[in-house]
Protein chains: 2
Amino acid sequence: MQQAQHPIHSNRTIKSQPVAKSPSRNPPITEHLAYLLAQANREINRQLEARLRDEGVPVEQWRILKVLSDGKGHSMGDLADEVLLNHPTLTKMIDRMVSDSLVYRVQDPDDRRKVLMYSSERGKALTQRLNALALSQEAHIAESYGDKATAELKRLLESLIDTAT
Amino acid sequence: MQQAQHPIHSNRTIKSQPVAKSPSRNPPITEHLAYLLAQANREINRQLEARLRDEGVPVEQWRILKVLSDGKGHSMGDLADEVLLNHPTLTKMIDRMVSDSLVYRVQDPDDRRKVLMYSSERGKALTQRLNALALSQEAHIAESYGDKATAELKRLLESLIDTAT
DNA sequence: CATCAATCCTTGAATGTTCAATATTTTCGA
DNA sequence: TCGAAAATATTGAACATTCAAGGATTGATG
């Protein structure tokens, strides 16, 4: 139950100072880097998601499979960093992937606190199909957005990540 | 079909074809645009989150407040698009913000299916403090990452969003 | 103008994520 | 070598998001 508080007397009359530019500009949200990144990420992620839907696999699982496709064992901690998930989320997602026989756990013989993750044969086969889907998205972007712009954007993003981490 | 089944005898011996470049390159995940965007977004979002923590407000609520700070009523549908949330998520977040007296609902008199959202006085005051925090982040990025690079990155992101939507 | 379709928002159930706490193993200093 | 502290992964409970369905209102069509 909401009463119409006092929406209408928008006091446009106040109209304070002619906007001092330097100390406190007030840009619209669409000019904030954080917002632009969120928006671009959301859109590109959606497109990728749509392609991966052919195989019924969420984007995060593709990342996991892709990282594991080097055949080496990755500890849960390292993997979490690599695929941009925090630990409990990864644990539970891995649980599902183990149920689907896409990956398996092996206790690290050198440090028994660690669990090393490996991709199964089934996981590897799926990875190949997913790679093709992901590459087709990259190709589509490069085509519609332009090779130059794509390369430049990637370069700037890498550099931002370096700076920010 | 490579038989790496069990982890340790990594048969580097198979070593298939010398990698045909054109038809199926296989870049590491760190070269995918989708991944770079996710990573950059995650990092910048984290930093912003950390700053907003002073006021105990999640990033999404800042976006909502910022959009509503124009004083005009925004329908839930429009608002959802503007703040990059889907409808049910927004509804429930708005519920919380109403509990906190930051915003309020008014039924649109011209179309009674719609609900118009407004920022309360309390919400507006908070918005100002949040704006300052967000701006300080932008300033910090511009400083460490460079004005030029920041501007160029924003430009490319806007352009990507245009292309991709 | 009556009805059927479309639009808009919300809800409830299922699902997923996160935080804090726990168990296990390793590391390291006294 | 012993014990405390750190590192690693998991779990359970709290919380948030999503999907599908629903109720209300409006628009369009015959």
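Every chain is numbered from 1 and lettered A, B, ... according to where its sequence line falls, protein lines coming before strand lines.
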Q: How would you list all residue pairs meeting salt bridge (charged side-chain N to carboxylate O under 4.0 Å, His left out) that involve residues 35-56 of chain A, not counting sequence neighbours?
A: A:Glu55-A:Arg129
Q: Mind checking what makes side-chain hydrogen bond (donor to acceptor under 3.5 Å, both in side chains) contact with B:Thr89, not counting sequence neighbours?
A: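 In terms of side-chain hydrogen bond (donor to acceptor under 3.5 Å, both in side chains), with neighbours along the sequence ignored, B:Thr89 is linked to B:Asn86.
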Q: Please name all residues satisfying side-chain hydrogen bond (donor to acceptor under 3.5 Å, both in side chains) with B:Gln137, sequence neighbours left out, ordered by chain then number.
A: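 For B:Gln137 there are no side-chain hydrogen bond (donor to acceptor under 3.5 Å, both in side chains) partners, ignoring immediate neighbours.
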Q: Between A:Met93 and A:Asp110, which has a closest nucleotide on DNA chain C that is more 5'?
A: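 Comparing both residues, the 5'-ward one is A:Met93.
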Q: Identify whether the distance between the nearest side-chain nitrogen and carboxylate oxygen of B:Arg105 and B:Asp95 falls below 4.0 Å.
A: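 Salt bridge flag = yes for B:Asp95 with B:Arg105.
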Q: Go through the structure and list residues passing ring-ring contact (aromatic ring centres under 6.0 Å, His included) with B:His32, not counting sequence neighbours.
A: A:Trp62
Q: Give the rounded distance in Å between these two atoms: CD of B:Gln107 and P of D:dG23.
A: 18 Å
Q: Please list residues of residues 35-45 of chain B whose heavy atoms come under 4.0 Å from any atom in DNA chain C, ordered by number; otherwise none.
A: none
Q: What pairs of residues pass the salt bridge (charged side-chain N to carboxylate O under 4.0 Å, His left out) test when at least one of them lies in residues 147-163 of chain B, not counting sequence neighbours?
A: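 Counting only pairs at least two positions apart or across chains, the salt bridge (charged side-chain N to carboxylate O under 4.0 Å, His left out) contacts touching residues 147-163 of chain B are B:Glu138-B:Lys154, B:Glu152-B:Arg155.
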Q: Does A:Arg112 put a side-chain nitrogen or oxygen below 4.0 Å from OP1 or OP2 of C:dT24?
A: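 No, because none of the side-chain N or O atoms of A:Arg112 sits under 4.0 Å from OP1 or OP2 of C:dT24.
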Q: State which residues pass side-chain hydrogen bond (donor to acceptor under 3.5 Å, both in side chains) with A:Asp81; sequence neighbours excluded, sorted by chain then number.
A: none
Q: Please say whether more than 12 non-hydrogen atoms of neighbouring residues, nucleotides or ligands are located less than 6.0 Å from CD in B:Gln128.
A: no
Q: Strictly under 4.0 angstrom, non-hydrogen atoms only: write out the protein contact profile of nucleotides 6-13 of chain D, one letter per nucleotide from the 5' end, B, S or -.
A: BBSSBBBB
Q: Give the rounded distance in Å between these two atoms: CG of B:Asn86 and C1' of C:dT15.
A: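 So the CG-C1' distance, B:Asn86 to C:dT15, works out to 14 Å.
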Q: Rounded to whole angstroms, how far apart are CG on A:Leu85 and C1' on C:dT18?
A: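 Interatomic distance, CG of A:Leu85 to C1' of C:dT18: 12 Å.
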Q: List for me each residue that meets salt bridge (charged side-chain N to carboxylate O under 4.0 Å, His left out) alongside B:Lys114, sequence neighbours excluded, and say none if there are none.
A: none
Q: B:Arg96 has an atom CZ; how far is it from atom C1' of D:dA16, in whole Å?
A: 6 Å
Q: Rounded to whole Å, how long is the line connecting atom CD of A:Glu60 with atom P of D:dT17?
A: 15 Å
Q: To the nearest Å, give me how far apart CG (A:Asp108) and P (C:dT24) are.
A: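 In whole Å, C:dT24 P and A:Asp108 CG are 18 Å from each other.
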